[in-house]
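Structure first, then comments.
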Amino acid sequence: MKKLIRWFKAADKQILMDKDEYEAYQMLPNTVDIYRGIASKSNLNGISWTTNFETAKWFANRWNKNGYVVKAKIFKNNVLSYYLRRGEYEIIVDVPESKIIRI
């Protein structure tokens with residue numbers, strides 16, 4: 001995972017995202033609330049999050065109803081990439097575990 005994060009950090013954000021995604025990234029506020037749906041075997045410290053709480057709930061419960069959602073507040077400069085595809089509002093970040101809270 002650390003190598004993947006290094007690759008994202010080294011990449012040009014304008015190449016990682018399409019035009020609309022890059023514009024949406026630029027419009028993010030300086031601090032961003034992000035969410036991650038955790039199913040029974042999900043990784044709490046994964047790099048794929050969402051800015052949409054409902055999307056996180058869907059991922060938490062897509063296999064069964066035992067999932068939960070965690071939240072973190074991050075600074076925009078910690079965003080590695082932002083994708084609008086499939087309506088998931090996927091945000092790629094490296095979030096320290098100390099910033100994650102279960103909601």
Side-chain angles (χ1 to χ4, degrees):
M1 177 103 63
K2 289 181 181 186
K3 183 182 270 190
L4 182 60
I5 291 168
R6 280 196 313 270
W7 289 342
F8 269 103
K9 287 181 177 180
D12 181 343
K13 284 181 173 49
Q14 286 184 285
I15 293 173
L16 291 174
M17 297 176 261
D18 67 25
K19 182 180 178 248
D20 292 336
E21 291 165 340
Y22 187 71
E23 287 175 6
Y25 160 76
Q26 289 181 309
M27 298 296 293
L28 288 172
N30 287 331
T31 58
V32 182
D33 290 334
I34 59 173
Y35 308 92
R36 182 169 170 80
I38 305 297
S40 61
K41 295 182 181 182
S42 296
N43 180 359
L44 180 66
N45 295 318
I47 65 170
S48 179
W49 292 64
T50 181
T51 56
N52 184 287
F53 178 75
E54 291 302 317
T55 298
K57 276 184 18 184
W58 183 86
F59 276 102
N61 296 303
R62 70 181 164 165
W63 306 120
N64 59 49
K65 300 296 180 196
N66 297 326
Y68 59 94
V69 174
V70 293
K71 175 182 177 180
K73 184 177 286 286
I74 60 160
F75 291 109
K76 180 180 175 179
N77 63 353
N78 292 70
V79 175
L80 304 174
S81 194
Y82 189 41
Y83 301 110
L84 305 176
R85 299 164 205 164
R86 299 182 307 213
E88 293 177 5
Y89 302 95
E90 181 181 16
I91 195 161
I92 306 298
V93 293
D94 183 18
V95 179
E97 190 171 335
S98 62
K99 298 231 181 237
I100 301 171
I101 58 171
R102 184 174 173 167
I103 55 176

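Scope of the values below: all heavy atoms of this structure, side chains included, with no hydrogens, waters or symmetry mates. Please read these numbers as outputs of a predicted model, since none were measured by experiment. Position 1 is the first residue of the sequence; numbering continues from there.
In the model, Tyr25 has no side-chain atom that pairs as donor or acceptor with a side-chain atom of Ser81 under 3.5 Å. Looking at Thr50 and Glu90, their side chains never bring a donor and an acceptor atom within 3.5 Å of each other.
Pairing each heavy atom of Trp49 with each of Tyr35, the nearest pair is CE3-C, 3.3 Å. Contact detail for Lys76 and Met27: the closest heavy-atom pair is NZ-N, 4.3 Å. In terms of heavy atoms, Gly67 sits closest to Asn61 at N-OD1, 3.5 Å. Taking both residues in full, the closest heavy atoms of Glu21 and Tyr82 are given as CB-O, 3.4 Å, listed atom of the first, atom of the second, then distance. For Leu80 against Asp94, the heavy-atom pair with the smallest separation is CD1-N, 4.2 Å.
One finds the NZ atom of Lys19 at 4.5 Å from the CD atom of Glu23 (value rounded to the nearest 0.5 Å). Atom NZ of Lys73 sits about 4.5 Å away from atom OG1 of Thr31, to the nearest 0.5 Å. Atoms CD and CD, on Glu54 and Glu88 in that order, are 14.0 Å from each other to the nearest 0.5 Å. Taken from CG in Asn78 to CD1 in Ile91, the straight-line distance is 10.0 Å, to the nearest 0.5 Å. To the nearest 0.5 Å, atoms CG (Asn52) and CH2 (Trp58) are separated by 12.5 Å. Note that the CG atom of Leu28 and the CG atom of Asn77 stand 11.5 Å from one another [nearest 0.5 Å].
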Using the side chain to side chain contact (heavy atoms under 4.5 Å, CB included) rule, take Leu4 and Ile47 through it: C-alpha gap first, then chi angles, then the decisive distance, then the call.
-> CA-CA 9 Å; Leu4 182 60; Ile47 65 170; 3.5 Å; yes
Given Ile92 and Phe8, is the side chain to side chain contact (heavy atoms under 4.5 Å, CB included) satisfied, shown in steps?
-> CA-CA 9 Å; Ile92 306 298; Phe8 269 103; 4.0 Å; yes
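The side-chain contact (heavy atoms from CB on, under 4.5 Å) search around Asn30 returns none, not counting sequence neighbours. Qualifying salt bridge (charged side-chain N to carboxylate O under 4.0 Å, His left out) partners for Lys65, counting only residues two or more places apart in sequence or in other chains: none.
For NZ of Lys13, the number of neighbouring non-hydrogen atoms (other residues, nucleotides, ligands) closer than 6.0 Å is greater than 12.
At least one side-chain heavy atom of Val69 sits under 4.5 Å from a side-chain heavy atom of Phe53. Taking the side chain as every heavy atom from C-beta outward, Tyr83 and Leu16 approach each other to under 4.5 Å. Two residues are said to be in side-chain contact when any heavy atoms from C-beta on lie closer than 4.5 Å; Val70 and Tyr68 meet this criterion.
In this structure, Met17 is a member of the same hydrophobic cluster as Ile5, with clusters built from ILVMFWY side-chain heavy atoms closer than 4.5 Å. Both Trp7 and Val79 are part of a single hydrophobic cluster, where members link through side-chain heavy atoms under 4.5 Å apart.
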